[in-house]
K.L.:
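Questions regarding the structure given below will be posed in turn.
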Amino acid sequence: MRHVILPACASFVLLFGACSNGKATEAECAQFAAHFEKLMSGGAGAAEADKTTQLAKDMAKDLQAKCLSEGTSAEVRCALAAESMEALQRCGDPK
């Protein structure tokens, strides 16, 4: 499971900065990080749950910082509307 999670999640570091639609706020970025954690942890099987949850928490901290420095409100709204990791990843795809 980890080999699938890492490549997919690594791309989220590049999610922000692709477009300019107003800088994301601290509250928006905190919501994004929590939503990311929830989505990432939700798909884990019992055997991988602890590892996946910890990885999600670690990545969420970095993503929140990246969001604050480069994220836009539009990107955060897209991310919060995502109901899967795949949908979340599409938020960073160039239109």
Side-chain angles (χ1 to χ4, degrees):
M1 176 98 178
R2 184 180 173 134
H3 67 281
V4 173
I5 293 171
L6 289 177
C9 296
S11 66
F12 294 123
V13 174
L14 303 174
L15 175 68
F16 297 103
C19 64
S20 58
N21 187 7
K23 188 161 174 44
T25 67
E26 189 169 341
E28 289 172 326
C29 291
Q31 286 179 311
F32 164 68
H35 186 63
F36 170 82
E37 243 183 272
K38 180 182 170 190
L39 287 177
M40 189 171 166
S41 299
E48 294 288 322
D50 289 339
K51 292 178 188 175
T52 303
T53 298
Q54 187 58 50
L55 180 61
K57 287 179 188 225
D58 293 344
M59 291 184 74
K61 293 173 192 174
D62 293 337
L63 288 174
Q64 184 171 354
K66 185 79 168 177
C67 174
L68 283 169
S69 67
E70 299 178 29
T72 67
S73 291
E75 290 166 330
V76 173
R77 284 191 303 272
C78 177
L80 292 175
E83 295 183 10
S84 68
M85 293 301 286
E86 293 79 17
L88 182 62
Q89 189 169 11
R90 286 190 296 271
C91 290
D93 289 343
K95 306 293 186 253

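Counting begins at 1 with the first residue of the sequence.
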K.L.:
Strictly distance-based, threshold 3.5 Å: is any side-chain N or O of Glu28 a donor or acceptor partner for the main-chain N or O of Thr25?
P.N.:
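Judged by distance alone, yes, a pair lies under 3.5 Å.
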K.L.:
From Asp62 CG over to Cys67 SG, what is the distance, rounded to the nearest 0.5 angstrom?
P.N.:
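So the gap between those two atoms works out to 12.5 Å.
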K.L.:
Distance check, rounded to the nearest 0.5 Å: Cys29 atom SG versus Leu63 atom CG?
P.N.:
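Reported to 0.5 Å precision, the distance equals 10.0 Å.
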K.L.:
Just verifying a value: how many Å separate Gln64 CD and Met59 CE, rounded to the nearest 0.5 Å?
P.N.:
14.0 Å
K.L.:
Just jot down the side chain to side chain contact (heavy atoms under 4.5 Å, CB included) partners of Ala87, sequence neighbours excluded, or say none.
P.N.:
Ala82, Ser84, Arg90
K.L.:
Would you indicate whether the side-chain heavy atoms of Phe32 and Glu75 approach each other to under 4.5 Å?
P.N.:
no
K.L.:
Quick one: side chain to side chain contact (heavy atoms under 4.5 Å, CB included) partners of Glu37, sequence neighbours excluded?
P.N.:
Ala56, Lys57, Ala60
K.L.:
According to a 4.5 Å side-chain heavy-atom criterion applied to Ile, Leu, Val, Met, Phe, Trp and Tyr, with indirect links allowed, do Leu68 and Leu80 form part of one hydrophobic cluster?
P.N.:
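Different clusters: Leu68 never reaches Leu80 through Ile, Leu, Val, Met, Phe, Trp or Tyr contacts under 4.5 Å.
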K.L.:
Looking at side-chain heavy atoms only, is the closest gap between Lys23 and Thr72 below 4.5 Å?
P.N.:
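Result no, sub-4.5 Å side-chain heavy-atom pair not found.
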